[in-house]
Amino acid sequence: MRIFYFLVFFAGTVYYAFTAVYTGLKDMDVPTRHVLIAAYLLVSAGALVSPVMFSRWSSIGWPSAALKHTVHALIAVLLGQIVMASVMFMSDLLVGVRAVWVVLQTAWSATPSSGTTNLSRSPIAGQLAMLSGGMLTIGLLYGVSRRYRYQVRTVKIPIRGLPKAFHGLRIVQLSDIHSGSYDNPDAVSKGVDMAMALRPDLILFSGDLVNNRAAEFKPYLDIFARLRAPLGVFSVLGNHDYGDYVRWPSLSAKQHNLQTLLHYQRLAGWRVLLNESVTIKKNGDALVVAGVENWSGRAAFSRYGNLAKALSGISGEPPVILLSHDPSHWEAEVVGAYPQIALTLSGHTHGMQFGIESKWLRWSPVQYFYKQWAGLYQRGSQYLYVNRGFGFLGYLGRLGMPPEIALLELVEA
């Protein structure tokens, strides 16, 4: 049934996107119109097969950077076509409603109308659809130039029972590095320098170091090994780190990939928390950092985490900072059940790398899938911070949702 719905959606997109172009160019001279339609059909053909090309090469490796960027540009065109088709479909609905209204008026009227009513598609509707789709495509292509424009977000978080030695603790949180998407080591290095310039006491990474394979991180290992903090660097695994989204010749090959990824993180000087915790002590006071493997409240994603195991063996009642990649874990298992967890740090959503965040409006398509998708959330005395991600995946850009370096300062509640 899903395939049927997909085919209907695909056919509707093709038809209405072409209708938008055909209608929008209706008033042009014939030779120019034919050239533009031919050019559209050529680009459209590439856009329609771009998801297939992306699916193939993103899993086995891109033959060249040029091909990689071409395919992603065609995907931007495809998304623009979907918007074009949607606008044109709405225009047709309005024409249909108007046609029904005219028929009803004629049936109710005692005197037949002597005039004629034009119910054909307007070139303006086609031009509006083309403008809408074109703006999205151009915007997405512009976003490619913003993918390394790191933004520092500083947030103060009140923690109940925060030990005195940890008042003002500066935590740099990074998430969703996705090193397999990078193509500019110098830009990534500048991002790491920005993080270190914040003088963090503690650095926490909340998962998705790679897209699929441990080898993706190796060229960037030395860059991220520069992340250092007096109280340490701790990390957890995200859903992409397990290699679940590619085919492996054997189970042992997949397991070897995961062990290699863990080895690389340790070489970088990171302590990977696999359903475990560590107690940080300072001036006689204690704070616990716990980390779970990926655990999602959504059935589509993996559940390797074991929160009870991660918290076992903790003595006393020091506040706990939990690293859990998927923010849906917070409401599913953390809130209320484990009041000692004062702060949970997650990522995963990327803010969908697309959205609007301003003083007046905060929106991203990802909010229709995740209740907590970016920034700080509170339930009683428990907090969740969702990082928008340091890297990018799928879409090689960020539009209105810049890559994030979070500086979280703990203060007494």
Side-chain angles (χ1 to χ4, degrees), residues 155-175 200-208 231-239 271-282 285-298 301-349 370-387 406-413:
V155 181
K156 291 188 177 183
I157 304 176
I159 303 295
R160 188 173 65 183
L162 182 68
K164 186 175 180 179
F166 295 100
H167 289 185
L169 183 74
R170 295 166 65 86
I171 300 172
V172 161
Q173 183 211 6
L174 301 178
S175 191
D201 301 305
L202 179 66
I203 298 176
L204 302 176
F205 173 66
S206 49
D208 274 2
L231 298 179
V233 182
F234 298 90
S235 68
V236 292
L237 299 175
N239 57 300
R271 167 81 181 270
V272 188
L273 299 175
L274 303 172
N275 299 322
E276 57 188 319
S277 63
V278 60
T279 300
I280 298 173
K281 295 184 178 180
K282 182 180 180 183
D285 288 334
L287 185 70
V288 173
V289 176
V292 293
E293 296 192 54
N294 193 73
W295 197 101
S296 177
R298 296 173 58 84
F301 296 100
S302 57
R303 293 182 176 180
Y304 298 110
N306 187 328
L307 185 53
K309 180 180 177 183
L311 298 177
S312 64
I314 297 175
S315 59
E317 295 184 358
V320 176
I321 298 174
L322 175 67
L323 288 174
S324 180
H325 177 69
D326 193 313
S328 62
H329 187 204
W330 188 58
E331 283 196 340
E333 281 201 336
V334 176
V335 173
Y338 295 93
Q340 67 269 45
I341 299 177
L343 172 62
T344 300
L345 302 181
S346 300
H348 183 62
T349 69
Y370 287 88
K371 288 177 64 176
Q372 294 86 26
W373 56 275
L376 188 65
Y377 300 87
Q378 180 182 5
R379 296 286 187 275
S381 60
Q382 294 181 285
Y383 290 88
L384 166 71
Y385 190 83
V386 184
N387 192 293
L407 175 61
L408 311 175
E409 183 178 347
L410 304 190
V411 297
E412 186 180 13

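Starting from 1, each residue takes its place in the sequence as its number.
- At least one side-chain heavy atom of Leu384 sits less than 4.5 Å from a side-chain heavy atom of Thr344.
- When atom types are taken as modelled, the side chain of Asn306 and the backbone of Asn275 share no donor-acceptor pair closer than 3.5 angstrom.
- Qualifying ring pair (Phe, Tyr, Trp, His ring centres under 6.0 Å) partners for Phe301, counting only residues two or more places apart in sequence or in other chains: His348.
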**Prompt:** Could you go step by step and tell me if Ile314 and Ser277 meet the side chain to side chain contact (heavy atoms under 4.5 Å, CB included) rule?
**Reply:** CA-CA 8 Å; Ile314 297 175; Ser277 63; 3.7 Å; yes
(request) Kindly determine whether Ile321 and Leu287 satisfy side chain to side chain contact (heavy atoms under 4.5 Å, CB included), including the steps that lead there. (result) CA-CA 8 Å; Ile321 298 174; Leu287 185 70; 3.9 Å; yes
Trace of the side chain to side chain contact (heavy atoms under 4.5 Å, CB included) decision for Ile280 with Phe234
CA-CA 11 Å; Ile280 298 173; Phe234 298 90; 4.1 Å; yes
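- Side-chain N/O atoms of Ser381 and Arg160 include a donor and acceptor closer than 3.5 Å.
- Looking at Asp326 and Tyr370, their side chains come closer than 4.5 Å, going by heavy atoms from C-beta outward.
- Under the 4.5 Å side-chain criterion, counting only non-hydrogen atoms from C-beta, Tyr338 is in contact with Leu307.
- Distance CG/Leu323 to CG/Leu204: 5.0 Å, rounded to 0.5 Å.
- Between Glu293 and Lys309 no salt bridge is recorded (no basic side-chain N to carboxylate O distance below 4.0 Å).
- For the pair Thr349 and Pro327, the minimum side-chain heavy-atom distance is below 4.5 Å.
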Distance-only criterion, 3.5 Å: show the donor-acceptor pairs between side-chain atoms of residues 164-171 and protein atoms not counting sequence neighbours.
from: His167; atom 1: NE2; to: Leu162; atom 2: O; distance (Å): 3.0
from: Arg170; atom 1: NE; to: Leu198; atom 2: O; distance (Å): 3.2
from: Arg170; atom 1: NH2; to: Leu198; atom 2: O; distance (Å): 2.6

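- Rounding to the nearest 0.5 Å gives a distance of 11.5 Å between OG of Ser206 and CG of Leu237.
- Exactly one of Asn387, Val155, Leu202 qualifies for a side-chain contact (heavy atoms from CB on, under 4.5 Å) with Gln173. That residue is Asn387.
- Using a distance-only test at 3.5 Å, with no hydrogens or angles considered, a donor-acceptor pair links the side chain of Asp208 to the main chain of Asn239.
- Residues Leu311 and Gln340 form a side-chain contact, since some pair of their non-hydrogen atoms from C-beta on lies under 4.5 Å apart.
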